[in-house]
Visitor: 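Sharing a structure with you now.
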Amino acid sequence: MLQLALVVVVLSVLIFGWLRMLPGGPVSALLGDRGTAESRAELTEALGLNDPIFVQYFAFLGRAITGDFGTSTGVSPGKPAMELFLERFPATIELSIAAILIALIGAIPLGYLAARRRGGWLDNAGVVGSMIGISIPIFFLAFLLKYFLSIKLGWLPTGGRQSPDIDATRVTGFFVLDGLLTREWDAAWDALKHLLLPALALASIPFAVIFRITRASVLDVMDEDYVRTARSKGLTRRIIRDRHILRNAMLPVVTTVGLQTGALLSGAVLTETVFSWQGVGQALAIGFERKDFPVLQVVIIAAAMAYVLVNLLVDLSYAVIDPRIRTAQKVS
Amino acid sequence: MTSSRATKIDRLASVAARGPEYEVGPEGRGSENGHDAGVSLAASAWRRLRRNPVFIVGAVVIGLFVLLAVLAPFIAPHDPALRLLEDQVSRANNEIPPPQDGYPLGGDQYGRDLFSRMLLGSQQTLLVAALATVIGLGGGLVLGTLAGAFGGWVDSVVMRIVDVLLSIPSLLLAVSIGALFADQSQFTVILAVAIVQIPIFARLLRGTMLSVRESDHVLAAKALGVKRRAIVFRHILPNSLGPVIVQSTLVLAIAVLDAAALSFLGLGAADDSTPEWGQMLGNAQDFFDSQPHLAFWPAGCIIVVALGFTLVGESMREALDPRQRR
């Protein structure tokens with residue numbers, strides 16, 4: 001928690017400094033190109049830019065805490081940046097969760113099998129494949145998937161989150177979940193089809209990274225004494241695999257999943273742009289192009305906080321996974 | 001509880017940090033953990049590297065591309081900036097010049113020779129990657145040395161800022177840095193990519209320096225009354241550079257990919273008369289549906305170069321990390 005508080009404080013200083021370093025300063029940043037000399041002077045006074053710098057900082061902090069980051073100037077002009085962010089946030093979460101699920105479900109079994117048959121064809125193909133996986137620009141992979149599967153073959157939709165002719169009820173903002181909750185199966189299936197390609201593209205890097213960590217971690221654990229002991233006790237392979245190897249090998253994997261949050265958010269900016277996915281990442285890309293600084297501000301702050309929060313959860317989950325950490329905490 | 005990415009970098013640093021007894025060369029004292037007796041870590045790492053096919057493939061790929069970049073001006077058949085085939089470009093019909101005599105890959109969307117642009121693009125791409133890495137490395141060295149050498153509150157302040165920068169997703173950080181420039185150029189891209197790498201280098205170097213600081217030869221130097229400056233620059237820093245050098249190789253790959261991603265998002269020079277693969281790929285997105293090959297060529301080269309740097313970097317890391325040696 002202390003870490004989170006520290007990050008927020010330092011981040012607020014950085015963002016505050018960033019706004020003042022922008023070309024033209026915060027007034028241009030907030031008004032965009034629409035500002036006249038009058039409105040500029042008015043806003044300069046209203047923003048308190050004539051006050052001492054630390055007064056300005058605390059005023060900025062006060063507004064930020066209440067979620068007031070100004071109104072969007074480019075992505076969706078006139079709308080409060082915070083509102084725009086909250087509207088789009090579920091889309092990005094949905095995409096990221098789908099991507100990380102694909103990566104976990106695919107990469108952990110593959111990584112385990114590769115480690116068990118070390119040097120076999122699956123292992124070699126996996127290691128080479130994972131290196132290629134992290135060397136492909138993610139937006140190019142997204143274009144490839146879109147070009148071949150959507151445009152050439154027409155199997156899947158080219159972009160968006162839902163076909164326009166489907167009138168679905170919105171409950172949570174997660175379109176697939178919405179469809180399931182309201183029992184509108186058509187809508188859920190349609191949303192799932194829209195979700196598949198962007199999620200696949202976004203999953204490429206976490207997939208490669210999780211595969212390699214699982215493989216390395218299983219290799220480490222397999223050499224441990226307790227695995228040899230378990231084997232010599234005559235336990236079945238299955239019990240050794242589930243209780244001794246996988247459980248112990250999962251700790252670095254969980255850490256990696258937390259670390260991939262940042263990569264997912266970076267990747268989301270690119271995949272969302274290619275597939276016109278109405279998420280936070282697309283807002284950032286458009287916001288950057290149109291110099292919509294209020295939106296950029298919210299997205300950057302939220303992304304950093306999400307990253308720290310996820311990693312805090314990861315740290316907390318260690319206690320659940322690893323009994324050694326649980327007892328160590330009790331003792332101290 | 002620091003952020004996990006920071007912890008991971010620190011662990012990497014402590015694993016790779018070794019005292020000078022590992023680096024004194026073949027005639028030196030040799031390693032303490034028994035294997036490769038009489039051979040320094042660097043020498044034994046090099047011996048393993050030489051035999052590693054992964055490293056060889058990566059090194060050959062990089063070597064070829066560097067050679068290509070050097071020779072490009074001499075083998076490129078045309079000036080990459082001239083719109084030689086402009087008469088064959090039709091905006092309305094989405095037509096661009098097909099491959100023909102003297103133009104093996106055809107023309108691009110402005111009728112410039114794609115083959116020459118691909119050849120000369122290698123120069124800019126490698127230059128962008130190298131400059132971004134050097135600037136990132138330089139910044140990281142300064143911050144990391146400050147934190148690692150002084151410790152105490154300097155360390156705390158520098159590392160808190162570094163931790164926050166590490167918690168911002170790299171592309172978002174790069175974009176926010178790019179937004180600070182009123183006039184965008186290729187240099188904006190280089191700077192944005194470089195600054196994102198500074199906290200990683202800083203954290204890595206600081207972690208290594210902290211463990212080297214505890215080693216016996218530093219204690220000996222302190223006992224002899226060597227000045228702090230000399231201890232830092234002659235005893236700690238040179239022995240802490242290993243992991244940073246490995247990281248630089250990996251960053252070269254990241255820089256090539258990040259530069260392409262930033263070009264795709266519209267950061268960088270509007271003028272593309274000097275070809276660069278990332279920029280070519282970014283610009284080709286508008287024609288992807290009708291002219292996918294405009295994207296395939298630069299993308300293919302980017303993938304191969306990034307893969308080459310990754311192969312070299314990963315095999316170097318494996319060779320230097322005794323835990324992964326199997």
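All chains are named by letter (A, B, ...) in the order of the sequence lines, taking the proteins before the strands, and each is independently numbered beginning at 1. Atoms considered below: every heavy atom in the structure, side chains included; atoms not considered: hydrogens, waters and symmetry mates.
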Visitor: Among B:Ile302, B:Leu281, B:Val305, which residue has the highest count of heavy-atom pairs closer than 4.5 Å to chain A?
Guide: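 Answer, by heavy-atom pair count under 4.5 Å with chain A: B:Leu281.
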
Visitor: Pick one of side chain, backbone, both or neither for A:Leu270, based on which atoms fall under 4.5 Å of a heavy atom in chain B.
Guide: both

Visitor: Is B:Leu311 in contact with chain A via its backbone, its side chain, both, or neither, using a 4.5 Å heavy-atom distance?
Guide: both

Visitor: Name the region of B:Ala253, side chain, backbone, both or neither, that has any atom closer than 4.5 Å to a heavy atom of chain A.
Guide: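 For B:Ala253, no heavy atom lies under 4.5 Å from chain A.
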
Visitor: Among B:Ile200, B:Leu252, B:Thr133, exactly one meets side chain to side chain contact (heavy atoms under 4.5 Å, CB included) together with B:Gln247. Which residue is that?
Guide: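 So the option named by the test is B:Ile200.
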
Visitor: Quick one: does B:Thr125's side chain have a donor or acceptor within less than 3.5 Å of a partner on B:Trp277's backbone?
Guide: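 Between the backbone of B:Trp277 and the side chain of B:Thr125 there is a qualifying donor-acceptor contact (under 3.5 Å).
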
Visitor: Count the heavy-atom pairs under 4.5 Å between each of A:Val127, A:Ile15, A:Leu144 and chain B, then report the option with the highest count.
Guide: A:Leu144

Visitor: Do the side chains of B:Phe296 and A:Phe140 get nearer than 4.5 Å, heavy atoms only?
Guide: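 Sidechains of B:Phe296 and A:Phe140: in contact.
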
Visitor: Between A:Val128 and chain B, with a heavy-atom cut-off of 4.5 Å, which part of the residue counts as in contact: side chain, backbone, both or neither?
Guide: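 Looking at A:Val128, nothing touches chain B.
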
Visitor: Could you tell me whether a side-chain N or O of B:Ser156 sits under 3.5 Å from a main-chain N or O of B:Gly152, the two making a donor and an acceptor?
Guide: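 Flag set: sc B:Ser156 to bb B:Gly152 pair under 3.5 Å.
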
Visitor: Go through it in stages, so that I can follow the logic: the residues are A:Thr273 and A:Gln282, the test is side-chain hydrogen bond (donor to acceptor under 3.5 Å, both in side chains), and I'd like the CA-CA distance, side-chain angles, deciding distance and then a yes or no.
Guide: CA-CA 5 Å; A:Thr273 307; A:Gln282 192 200 28; over 6 Å; no

